[in-house]
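Contents: one structure, followed by commentary.
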Amino acid sequence: MIAANHYDAIVVGSGISGGWAAKELTEHGLRTLVLEAGGPIDPAHDYVEHVQAWQMPFRGLGDRKALERDYPVQRGCYACDEMGSKFFVKDLENPYTNPDGAPFKWFRGRQVGGRSITWGRQVYRWSDLDFGANARDGHGSDWPIRYADIAPWYSYVEKFIGITGAREGLSQLPDGEFLPPMPMTVVEEAARPKIMKAFNGDRVLTIGRAAILTQPHNGRLPCHYCGPCERGCITASYFSSLGSTLPAARKTGRLTLRPHSVVAEVLYDAKTGRARGVRVIDARTMQNVEYTARVVFLCASAIESVRLLLNSKSERWPDGLANSSGILGKYVMDHHYGSGASGTMPGFLDKRTTGHRPNGIYIARFRNVKTAHPDFLRGYGMQGGSGRDGWGRGGGMPGYGADFKQSLIDDLGPWSLSASGWGETLPDERNRITLDPDVKDKWGIPAARIEVRWRDNEHAMDKDMQTAMAEMLDAAGCTNIRTHASNNPPGHCIHEMGGARMSRTPRDGVLNRWNQSWDVKNLFMTDGACMASNGCQNPSITYMALTARAVAHAVKLMGARAL
């Protein structure tokens, strides 16, 4: 064992939450160690958004045998292709298990920047409709915060990262600090007022709110609409920790970033009742190293952070560190998504799109906002867009030359419009993470065993997504309307949340209103594990705001020598 190395703060994970923790801690004057299980990323070399299919050995389709061997789970994500598979873990090295009849897809990225390199970039604030949901209907534990507690931190984060969006004045989807919105297509512009009129303004179609720049911002360039954002962004036009928060932390001179560092457990000091640091396994040498600090932030992603605490056992904590409530690992959630409808929009045949807009439309939640729905609790938002049919047909057609290329642009089919729902999942104690008693990862750490199922409320909501979207397409004037049902299992949305929820009392959760462990006062968790419910909005902006808020509180306590 190498002798301990001491810092003011340790951050586990370098993705969306970890990058924000690093930025805030270092800017508050703390010498901060960021531990990342994967390797370093050099955007100039590793980003592949401008690599074309014809430049790849398998023309972008990938070596099927290699993908099946190394990425049997990960290849289920659209971004894990021949160009982008480098940003996903190899499944044989990083196993997890699930019971029969409870499929779960855990898409993971272990590299500096984490999944902030490949995320969907959609950002939507929560409202009190979301923070108060558990208290209203009795499912889950009441959040210890409300919108007013986090609203200033939403603004703080948005001003730094840059959000494109349009103000709509909706109580269930609060407006933010927006850069100019991306334009909607002529079809989307035409559909918006028709849908609003048909449903008395309760169903609002707007342009997506995205962490993508539409003008220069904080030294970063605006998006140039190249399209495949999931493969990186050399201009840093979309937010990632690699392009924004980690450089800000590095600028302070107080950041130490250590890649290839697999954190195996949080070390507990029984005499002080505090976390004294972490034990790390070097991913390449398999050597154990200890690092100590005054405060520890877990930002490794919901399942990984929960797994880490479950593995941090001691005589005091036989069921996992900071688990006096017995809640650790329970109430795990993901968004159920993908059910909706599509249709053909007549007309507009003299119009076509230019470039590849890395954004779509959003239809704000409208169920269980003003009146109760008879079939299900909570609600869903819808995401989608429009385009000319046949745009991608050239990939499967014979032909070459200028005339062939021009025909692909000119000879397009009619416009289509579609959207699918992203639905809230009710907190359920049966949806949980434990440690597999037999399976371990490459570094000898017990694998997560994930048991999450969709239940009656989610199934009822999925049906309504189809019906409601078909209604809206009809109101917009579409023809040939077709509904589609989703068979995506839990985890597939990559919005895993819960497992170490915030709560009003120590008996009801793992974390207090400041994302601070009830049991271990210098331990904070600010990734998706902290969530007490999961709303219907893409969650990353909420993680960022909670992280900045938690760091401010931790620094205040450290200044008062309370940690």
Side-chain angles (χ1 to χ4, degrees), residues 4-36 144 153 241 245-246 248-250 252-258 261 263-280 289-301 304-306 308-309 312 314 316-317 320-324 328 500 502 506 509-527 529-530 543-563:
N5 302 277
H6 186 73
Y7 293 85
D8 297 321
I10 290 173
V11 177
V12 180
S14 65
I16 281 176
S17 301
W20 265 98
K23 172 186 177 297
E24 296 300 299
L25 288 163
T26 55
E27 289 182 348
H28 276 93
L30 276 64
R31 293 186 309 108
T32 302
L33 173 66
V34 174
L35 297 167
E36 169 54 53
W153 296 100
S241 61
T245 46
L246 290 176
R250 190 173 292 111
T252 68
R254 303 183 189 95
L255 172 68
T256 300
L257 176 60
R258 192 182 193 279
S261 298
V263 180
E265 64 177 316
V266 178
L267 302 172
Y268 178 72
D269 188 331
K271 293 181 179 179
T272 64
R274 300 289 192 264
R276 63 183 181 86
V278 295
R279 176 172 66 86
V280 169
V289 190
E290 286 189 5
Y291 295 96
T292 60
R294 293 175 61 192
V295 65
V296 175
F297 272 74
L298 298 187
C299 304
S301 82
E304 198 65 89
S305 289
V306 169
L308 178 55
L309 286 187
S312 300
S314 63
R316 171 65 181 86
W317 302 107
L321 182 63
N323 191 22
S324 65
L328 182 64
M502 298 167 69
V510 178
L511 308 170
N512 67 15
R513 62 184 282 108
W514 303 105
N515 293 78
Q516 179 186 22
S517 165
W518 286 109
D519 299 327
V520 182
K521 299 302 182 183
N522 66 335
L523 177 65
F524 291 77
M525 298 178 71
T526 64
D527 56 25
C530 75
Y543 304 163
M544 297 186 227
L546 288 173
T547 301
R549 180 177 180 268
V551 169
H553 184 69
V555 170
K556 180 180 178 181
L557 293 179
M558 294 174 78
R561 309 191 73 81
L563 288 185

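What you see is a predicted model; the values in this text were computed from it and never measured.
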| query | Do the side-chain N and O atoms of S312 and E265 include a donor-acceptor pair separated by under 3.5 angstrom? | reply | no
| message | Could you tell me if the side chain of T256 sits less than 4.5 Å from the side chain of N5, heavy atoms only? | response | no
| field | Expected output: side-chain D269 to main-chain G273 donor-acceptor under 3.5 Å | value | no
| task | To the nearest 0.5 angstrom, please state how far the OG1 atom of T272 sits from the CG atom of L563. | result | 11.5 Å
| V520 versus S517, closest heavy-atom pair with distance | N-OG, 2.8 Å
| query | Under the side-chain contact (heavy atoms from CB on, under 4.5 Å) criterion, do V296 and F524 qualify, and how do the steps go? | reply | CA-CA 6 Å; V296 175; F524 291 77; over 6 Å; no
| remark: Here the pair of heavy atoms bringing V306 nearest to A529 is CG2-CB, 4.0 Å
| task | Taking side-chain contact (heavy atoms from CB on, under 4.5 Å) as the test, write out the residues that go with R316, two or more places apart. | result | Y268, S314
| Rounded distance [0.5 Å steps], CG in N522 versus CZ in R276 | 12.0 Å
| task | State the CE-CG distance between M525 and L328, to the nearest 0.5 angstrom. | result | 7.0 Å
| task | Answer yes if the side chains of D527 and S305 hold a donor-acceptor pair under 3.5 Å, and no otherwise. | result | yes
| message | Side chains of L25 and V11, heavy atoms from C-beta outward: is any pair under 4.5 Å? | response | yes
| task | Looking only at non-hydrogen atoms, find the nearest pair between W153 and A552 and report the distance. | result | CH2-CB, 3.6 Å
| query | Taking it one step at a time, do N515 and M502 satisfy side-chain contact (heavy atoms from CB on, under 4.5 Å)? | reply | CA-CA 7 Å; N515 293 78; M502 298 167 69; 3.8 Å; yes
| field | Pairwise distance OH(Y543) to CD1(I16) - rounded to 0.5 angstrom | value | 8.5 Å
| Can you check side-chain contact (heavy atoms from CB on, under 4.5 Å) on F297 and V551, steps first, answer last? | CA-CA 9 Å; F297 272 74; V551 169; 3.7 Å; yes
| task | Decide yes or no on side-chain contact (heavy atoms from CB on, under 4.5 Å) for T292 and I10, but give the supporting numbers first. | result | CA-CA 8 Å; T292 60; I10 290 173; 5.7 Å; no
| field | Short N-O contact, E290 and R279, less than 4.0 angstrom | value | no
| Is it the case that R294 and Y7 place a side-chain donor and acceptor less than 3.5 Å from each other? | no
| note | Looking only at heavy atoms, the pair that brings T526 and C299 closest together is OG1-SG, 3.4 Å
| field | Rounded distance [0.5 Å steps], OG1 in T26 versus CG in L33 | value | 12.5 Å
| query | Is there a side-chain contact between V280 and R258 (heavy atoms, below 4.5 Å)? | reply | yes
| query | So, D519 side chain and S324 main chain: donor-acceptor pair closer than 3.5 Å or not? | reply | yes
| field | Heavy-atom pair with the smallest gap, counting every atom of A275 and V266 | value | CB-CG1, 3.8 Å
| Got a second to check how far L255's CG is from L246's CG, nearest 0.5 Å? | 6.5 Å
| Do the non-hydrogen side-chain atoms of D8 and V295 ever get within less than 4.5 Å of each other? | no
| Between A21 and T547, what is the shortest heavy-atom contact and its length? | N-CG2, 3.4 Å
| field | Side-chain donor or acceptor of W518 paired with backbone N/O of V510 under 3.5 Å | value | no
| request: Please answer whether the main-chain N or O of L30 pairs with a side-chain N or O of T32 as donor and acceptor at a distance below 3.5 Å. | output: yes
| query | Among all residues two or more places apart in sequence or in another chain, which pass the ring pair (Phe, Tyr, Trp, His ring centres under 6.0 Å) test with W514? | reply | H553
